[in-house]
Amino acid sequence: MGGSASLLSKELLSEYQELTFLTKQEILLAYKRFAELLPKDQRHADVLSVRLPQDKILTLPELKANPFGDRICQVFSTSEDHDGSMSFEDFLDMLSAFSDSAIPDIKSHYAFQIFDFDGDGTLDKRDLEKLVNRLTGDANDTKLTESEMIQLIQNILEESDIDKDGTINLSEFQHVISRSPDFVSSFKIVL
């Protein structure tokens with residue numbers, strides 16, 4: 001298995017480094033971690049031509065405990081089937097956006113997409129309710145009551161919905177995120 005990273009040519013490694021916020025060492029580690037997720041009978045295959053199913057990607061400890069793991073896979077997947085499966089390049093794009101070196105605009109752009117459950121380009125009340133439910137969990141002792149949820153969503157919209165259209169668009173989201181110093185440091189995946 002140790003030689004698998006040698007399949008990544010110096011040219012390709014340099015190209016990936018130019019196109020991402022990752023160092024060469026991080027790209028090689030990502031390659032190794034991606035290859036380790038392959039079924040044993042496929043580990044000899046060209047890692048660059050394989051798509052891993054979403055359930056395999058979600059076995060990574062960095063995503064397993066994340067309440068948005070499935071959404072992260074959906075957002076970064078280039079699969080035409082919209083199944084959350086990932087190519088190695090999708091995997092690199094994800095790691096790049098979640099790296100410490102990624103700029104805040106990139107991080108907030110992807111966070112917005114992850115939270116936009118219906119993909120309509122805005123965070124509406126349904127998106128916000130899903131977001132809150134994922135953060136609080138579905139257990140009876142952690143789930144908000146209907147009145148608490150209504151109040152929280154109203155507070156979020158009052159704070160974030162600058163144009164008062166009942167939704168949060170990307171620029172409004174980025175404005176709110178810019179005032180949250182913890183966001184950039186918490187929006188990361190470290191392999």
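This is a predicted model, so every value here is computed, not measured. Hydrogens, waters and symmetry mates play no part in the numbers below; they use all other heavy atoms, side chains included.
Each of Leu123 and Val176 belongs to its own hydrophobic cluster when Ile, Leu, Val, Met, Phe, Trp and Tyr are linked at side-chain heavy-atom distances under 4.5 angstrom. There is no path of hydrophobic side-chain contacts, each under 4.5 Å, that joins Leu131 to Ile150.
Ser96 places no side-chain N or O within donor-acceptor distance of the main-chain N or O of Leu92, the cut-off being under 3.5 Å. Looking only at distances, a side-chain donor or acceptor of Thr142 sits under 3.5 Å from a matching main-chain atom of Thr136.
Shortest non-hydrogen contact noted between Gly84 and Cys73 is O-CB, 3.6 Å. Scanning all heavy atoms of the two residues, the minimum distance from Tyr16 to Leu48 falls at OH-CD2, 3.8 Å. Of all non-hydrogen atoms in Ser85 and Pro53, the two that sit nearest each other are CB-CA, 4.0 Å.
The salt bridge (charged side-chain N to carboxylate O under 4.0 Å, His left out) check on Asp127 picks up nothing, with sequence neighbours excluded. Scored by the ring pair (Phe, Tyr, Trp, His ring centres under 6.0 Å) test, Phe34 finds Phe88, Phe91 as partners (sequence neighbours excluded). Taking Arg134 as the reference, Asp70 meet the side chain to side chain donor-acceptor pair (under 3.5 Å) condition, with sequence neighbours excluded. Partners of Leu38 according to the side-chain contact (heavy atoms from CB on, under 4.5 Å) rule, which considers only residues two or more places apart in sequence or in another chain, are Gln42, Arg43, Val47, Val50, Leu52. Partners of Glu18 by side chain to side chain donor-acceptor pair (under 3.5 Å), not counting sequence neighbours: none found. By the side chain to side chain donor-acceptor pair (under 3.5 Å) test, Gln151 is found to be paired with Asn155, residues two or more places apart in sequence or in another chain being considered. In this structure, the side-chain contact (heavy atoms from CB on, under 4.5 Å) partners of Glu172, at least two apart in sequence or on a different chain, are Asp161, Ile162, Asp163, Ile168, Asn169. Evaluation of the side chain to side chain donor-acceptor pair (under 3.5 Å) rule for Glu159 yields Arg179 as partners, not counting sequence neighbours.
No side-chain heavy atom of Ser160 sits less than 4.5 Å from a side-chain heavy atom of His175. By the 4.5 Å heavy-atom criterion applied to side chains, Leu63 and Met94 are counted as neighbours.
Side-chain contact annotation: Ser147 with Thr145, donor-acceptor N/O pair under 3.5 Å present. For Gln54 and Gln74, the side-chain atoms include at least one donor-acceptor pair closer than 3.5 Å.
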Extract all donor-acceptor atom pairs below 3.5 Å that involve side chains of residues 55-62 and protein atoms in other chains or at least two apart in sequence.
unit_1	atom_1	unit_2	atom_2	d
Thr59	OG1	Lys56	O	2.5
Glu62	OE1	Arg33	NH2	3.2
Glu62	OE2	Arg33	NH1	3.3

Can you give me every donor-acceptor pair (side chain of residues 184-191, partner residue at least two apart or in another chain, under 3.5 Å) with its distance?
unit_1	atom_1	unit_2	atom_2	d
Ser185	OG	Asp182	O	3.1
Ser186	OG	Asp182	O	3.0
Ser186	OG	Phe183	O	3.1

Pairs under 3.5 angstrom only: tabulate donor-acceptor contacts from the side chains of residues 108-115 to other protein residues two or more places apart or in another chain.
unit_1	atom_1	unit_2	atom_2	d
Ser108	OG	Pro104	O	3.1
Ser108	OG	Asp105	O	3.2
Ser108	OG	Gln174	NE2	3.1

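Interatomic distance, CD1 of Ile106 versus OG of Ser101, reported as 12.5 Å (0.5 Å rounding). Interatomic distance, CG of Leu19 versus CG of Asp93, reported as 8.5 Å (0.5 Å rounding). With values rounded to the nearest 0.5 angstrom, Asp124 atom CG is found 5.0 Å from Asp118 atom CG. We find the CG-CD1 distance between Leu95 and Ile27 to be 10.0 Å, quoted to the nearest 0.5 Å.
Atom CD of Glu146 is surrounded by 12 or fewer heavy atoms from other residues, nucleotides or ligands within 6.0 Å. Within a 6.0 Å radius of NZ in Lys64, other residues, nucleotides and ligands contribute 12 heavy atoms or fewer.
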Discussion item. Could you walk me through whether Ser79 and Met86 satisfy the side-chain contact (heavy atoms from CB on, under 4.5 Å) test, starting with their C-alpha distance in whole Å, then the side-chain angles of each, then the deciding distance to 0.1 Å, before giving a yes or no?
Written reply: CA-CA 7 Å; Ser79 169; Met86 287 192 177; over 6 Å; no

Q.
Ile72 vs Asn66, test: side-chain contact (heavy atoms from CB on, under 4.5 Å). Steps then yes/no.
A. CA-CA 9 Å; Ile72 292 168; Asn66 189 316; 3.6 Å; yes

Quiz item: Could you go step by step and tell me if Glu129 and Asn133 meet the side-chain contact (heavy atoms from CB on, under 4.5 Å) rule?
Solution: CA-CA 6 Å; Glu129 186 174 335; Asn133 282 334; 3.8 Å; yes

| request: Let me see the working for Phe98 and Phe21 under side-chain contact (heavy atoms from CB on, under 4.5 Å), right down to the final yes or no. | output: CA-CA 9 Å; Phe98 280 95; Phe21 293 103; over 6 Å; no

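For the pair Lys32 and Glu36, the salt-bridge criterion is met [side-chain N within less than 4.0 Å of a carboxylate O].
Relative to the ring axis of Phe117, Arg126 does not place its NZ or CZ within 45° and under 6.0 Å from the centre.
For residues 75-91, the salt bridge (Lys or Arg N to Asp or Glu O under 4.0 Å) pairs, not counting sequence neighbours, are Arg51-Asp90.
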